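Below is one structure, written out as structure tokens; comments come after it.
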Amino acid sequence: LPLPQDDDVLATWFSSALWPFSTLGWPDDAATLKRFYPTAVLVTGFDIIFFWVARMIMMGLKFPQNFASPYKSANISETWRRWHITLSRWLRDYLFIPLGGSSGSRLRTVRNLYITFIFAGLWHGAAWTFVWFGVAHATALALHAVARARGWRTPPAGVSRVVTYTFIVLTQVLFRSPDMGVAGNV
């Protein structure tokens, strides 16, 4: 495939080359969706390249694993144990636990989750889309924690994975949108 001539060469190349239906053409109302798919492909590809370069060229320097198949997670808590592992650990160790973590009341745990995930959203960028991304994940984690504490029985693994995957994909729309208007249109 020839490389495009615009400023965002890699993003454009990945979105056109790796989108499964790129050869079929896109209707006007679905053109916006084309920009959201490559996130996982880009992150995974760059991770692989980065680790290989670090080990081969930098004489065996090893970096911690940062992603562990997060799209296979059966719930939102497992997703965050598998997704962006180094950032998640930093947020847990230096923000969530110093705030009180999950010790104390459920309300305090929920508060700590919201503070941590709103900060995680803002860490990615100063935009309302990132704030709402953090709020969405904090809400899902809070609901999951409360359900677990009340003895809620989880659905079968396949159903849990589909629900979790759908939630992650939908919140990626917020994450990848330049503003809330675009996210709302998708």
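Values below: all heavy atoms of this structure, side chains included; hydrogens, waters and symmetry mates excluded. What you see is a predicted model, and the numbers here were worked out from it, not measured in a lab.
- For the residue pair Pro98 and Asp93, the shortest heavy atom distance occurs at CD-O, 3.4 Å.
- For the pair Thr171 and Ala136, the tightest heavy-atom approach, listed with the atom from each and the gap, is CG2-CB, 3.9 Å.
- The closest side-chain heavy-atom distance from Ser69 to Arg82 is below 4.5 Å.
- A donor-acceptor pair under 3.5 Å is absent between the side-chain atoms of Thr129 and the main chain of Asp179, judged by distance alone.
- At least one side-chain heavy atom of His124 sits under 4.5 Å from a side-chain heavy atom of Leu87.
- Between Phe133 and Phe117, every side-chain heavy-atom pair lies at or beyond the 4.5 Å cut-off.
- Residue-environment remark: OH (Tyr165) stays at or below the threshold of 12 foreign heavy atoms within 6.0 Å.
- Residues Ile76 and Ile168 form a side-chain contact, since some pair of their non-hydrogen atoms from C-beta on lies under 4.5 Å apart.
- At distances below 3.5 Å, at least one donor-acceptor pair connects side-chain atoms of Arg161 with backbone N or O atoms of Lys72.
- A continuous path of hydrophobic side-chain contacts links Trp132 to Val169 [ILVMFWY only; heavy atoms under 4.5 Å].
- Defined by atom type and a distance below 3.5 Å, a donor-acceptor pair is missing between the side-chain atoms of Asn75 and Ser160.
- Here the closest non-hydrogen pair linking Val173 and Ser177 is O-OG, 2.5 Å.
- The two residues Leu113 and Ala138 make their nearest non-hydrogen contact at O-CB, 3.8 Å.
- Looking at heavy atoms from C-beta onward, Gln172 lies out of side-chain contact with Leu174 at the 4.5 angstrom threshold.
- No close placement of the Phe130 and Trp123 rings is indicated, their centers lying 6.0 Å or farther apart.
- With hydrogens and angles left out, the side-chain atoms of Tyr114 and Thr139 include a donor and acceptor closer than 3.5 Å.
- In this structure, the separation between CH2 on Trp80 and OG1 on Thr116 is 11.0 Å, given to the nearest 0.5 Å.
- Using a 4.5 Å heavy-atom cutoff, the side chains of Arg108 and Leu99 are not in contact.
- Across all non-hydrogen atoms, the minimal contact from His84 to Phe67 is N-CE2, 3.3 Å.
- In this structure, OG1 in Thr164 is found 8.0 Å from CD in Glu78, a value given to the nearest 0.5 Å.
- With a 4.5 Å cut-off on side-chain heavy atoms, Leu141 and Ser77 count as touching.
- The shortest distance between side-chain heavy atoms of Arg106 and Arg150 falls below 4.5 Å.
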